[in-house]
Asks: 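Below is the structure I would like to discuss, written out as structure tokens.
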Amino acid sequence: MFPYLKPLLILAFMLSATTCLADDFSDGVAWYAEEDYPAAAAAFQKAADKGKADAQFNLGLMLLKGEGLAQDYAKAMALFQQAAEQGNARAQLNLGRMYAKGQGVVASYAMALPWFKKSAEQGYADAQYSLGVLYVSGIGAPRDYRKAYELFLAAAEQGNASAQYQLGLMYFKGKAVTVNLVEAMKWLILAADYPDAVSYRSYAEKSMSKQEIAEAKKLAQEWEASPAEKP
């Protein structure tokens with residue numbers, strides 16, 4: 001449900017480097033890009049010891065994945081906690097994920113909820129999606145389709161494929177919104193190769209006319225071509 005992808009990790013490290021002037025941190029980013037994980041971990045550790053939130057997050061993620069260090073959920077969670085308390089949105093998200101998945105702790109969606117909220121409030125798309133899942137499922141939070149819709153929409157507009165898929169389902173099933181097959185198909189198309197979106201598009205097409213499908217494709221193309229900033 002919550003994959004940890006290496007390309008995204010590298011990107012996160014690179015983005016973090018622009019906000020932190022610590023030499024140790026920058027060295028860690030460079031070593032990680034070279035796939036020298038032990039050296040990267042050592043550099044991030046030095047920066048983390050100085051209280052740098054981005055370094056705490058990066059080191060925590062390496063511990064979570066077992067890159068350059070033995071996998072250690074407890075240490076990863078402690079580092080995420082330190083960074084999250086400094087307002088690091090990615091650390092807040094990953095702390096919530098660890099609670100949700102029961103990594104190093106007893107699984108608790110109720111404990112994940114406040115951290116997803118803190119990260120989502122900063123506009124972090126992955127957190128908006130994760131929080132929306134709790135509201136749409138009623139797990140860890142009261143089921144609230146309207147809140148889920150608003151969160152999925154916010155994340156979908158940033159290009160989050162998982163949220164785009166969920167938004168498509170909500171329009172198809174009429175959850176929090178009036179059933180709109182064209183709008184549903186638009187978001188399912190934008191979700192592209194998201195695993196379930198592919199099969200659900202085929203399913204949705206059976207309930208649509210050729211004209212409706214063509215209109216959905218047109219709307220999806222217009223969205224992709226819009227000047228709005230998208231990841």
Side-chain angles (χ1 to χ4, degrees), residues 1-131 133-134 139-141 155 160 162 231:
M1 182 178 182
F2 302 120
Y4 301 101
L5 302 180
K6 179 178 176 181
L8 294 181
L9 179 59
I10 293 175
L11 177 60
F13 285 3
M14 293 175 67
L15 290 174
S16 297
T18 65
T19 61
C20 181
L21 300 178
D23 290 339
D24 291 325
F25 181 85
S26 298
D27 288 346
V29 172
W31 285 122
Y32 191 90
E34 294 293 327
E35 298 187 2
D36 188 337
Y37 299 136
F44 286 139
Q45 181 69 68
K46 291 178 181 178
D49 290 342
K50 297 173 184 176
K52 299 297 183 181
D54 288 337
Q56 291 164 346
F57 166 73
N58 289 349
L59 183 60
L61 203 50
M62 293 186 75
L63 282 161
L64 184 67
K65 294 166 63 66
E67 289 183 328
L69 298 164
Q71 187 176 60
D72 191 321
Y73 290 151
K75 288 183 179 179
M77 176 166 276
L79 286 160
F80 288 150
Q81 181 88 35
Q82 292 172 32
E85 289 176 352
Q86 294 189 63
N88 185 290
R90 286 166 295 146
Q92 291 166 344
L93 169 64
N94 279 277
L95 189 57
R97 285 176 170 174
M98 292 192 76
Y99 276 117
K101 298 177 72 173
Q103 293 177 314
V105 292
V106 176
S108 172
Y109 287 101
M111 291 294 292
L113 180 65
W115 292 111
F116 285 157
K117 282 184 176 180
K118 287 178 183 293
S119 185
E121 286 168 358
Q122 296 193 59
Y124 198 48
D126 286 352
Q128 291 167 336
Y129 163 73
S130 297
L131 182 57
V133 169
L134 298 192
I139 299 175
N160 185 287
S162 301

Asks: Minimum heavy-atom separation for Ala120 and Ala127, please, with both atom names.
Replies: N-CB, 3.5 Å
Asks: Once rounded to the nearest 0.5 Å, what's the spacing between atom NZ of Lys52 and atom NZ of Lys50?
Replies: 8.0 Å
Asks: Could you give all pairs that pass the side chain to side chain donor-acceptor pair (under 3.5 Å) test and reach residues 76-85, with sequence neighbours left out?
Replies: Gln56-Gln82, Gln81-Glu85
Asks: Could you check Lys75 against Leu69 for side-chain contact (heavy atoms from CB on, under 4.5 Å), going step by step and ending with a plain yes or no?
Replies: CA-CA 11 Å; Lys75 288 183 179 179; Leu69 298 164; over 6 Å; no
Asks: Enumerate the ring pair (Phe, Tyr, Trp, His ring centres under 6.0 Å) contacts for residues 78-103, please, sequence neighbours excluded, ordered by first and then second residue.
Replies: Phe57-Phe80
Asks: Applying side chain to side chain contact (heavy atoms under 4.5 Å, CB included), can you list everything that pairs with Lys46, at least two apart in sequence or on another chain?
Replies: Asp24
Asks: With sequence neighbours left out, write down each residue that passes side chain to side chain contact (heavy atoms under 4.5 Å, CB included) with Ser162, or none if nothing qualifies.
Replies: Tyr129, Asn160, Tyr194
Asks: Closest approach of Ala48 and Ala55, non-hydrogen atoms and distance?
Replies: N-CB, 3.6 Å
Asks: Excluding sequence neighbours, so at least two apart, what forms side chain to side chain contact (heavy atoms under 4.5 Å, CB included) with Ala42?
Replies: none
Asks: Using every non-hydrogen atom in the two residues, find where Glu67 and Tyr37 come nearest and quote the distance to one decimal.
Replies: C-CB, 3.8 Å
Asks: If every non-hydrogen atom of Leu113 is compared with every non-hydrogen atom of Gly140, which pair is closest and at what distance?
Replies: CD2-O, 3.5 Å
Asks: Which residues pass the side chain to side chain donor-acceptor pair (under 3.5 Å) test with Asp36, not counting sequence neighbours?
Replies: none
Asks: Indicate the atoms forming the closest heavy-atom contact of Phe116 with Arg97, along with that distance.
Replies: CE2-N, 3.6 Å
Asks: Taking the side chain as every heavy atom from C-beta outward, state whether Tyr124 and Gln92 have any atom pair closer than 4.5 Å.
Replies: no
Asks: Who pairs with Gln128 by side chain to side chain donor-acceptor pair (under 3.5 Å), at least two apart in sequence or on another chain?
Replies: Gln158
Asks: Which pair of heavy atoms, one from Ala155 and one from Ala125, lies closest together, and at what distance?
Replies: CB-O, 3.4 Å
Asks: Using a strict cut-off of less than 4.0 Å between a Lys/Arg side-chain nitrogen and an Asp/Glu carboxylate oxygen, indicate whether Asp54 and Arg90 qualify as a salt bridge.
Replies: yes
Asks: To the nearest 0.5 Å, what is the distance between CG on Leu79 and CE on Met62?
Replies: 12.0 Å
Asks: Give a yes or no answer on whether the side chain of Ser130 reaches the backbone of Asp126 with a donor-acceptor pair at less than 3.5 Å.
Replies: yes
Asks: Can you list everything that forms a side chain to side chain contact (heavy atoms under 4.5 Å, CB included) with Gln71? Sequence neighbours excluded, please.
Replies: Tyr73
Asks: Are Phe25 and Val29 packed together at the side-chain level, in the sense that at least one heavy-atom pair is separated by less than 4.5 angstrom?
Replies: yes
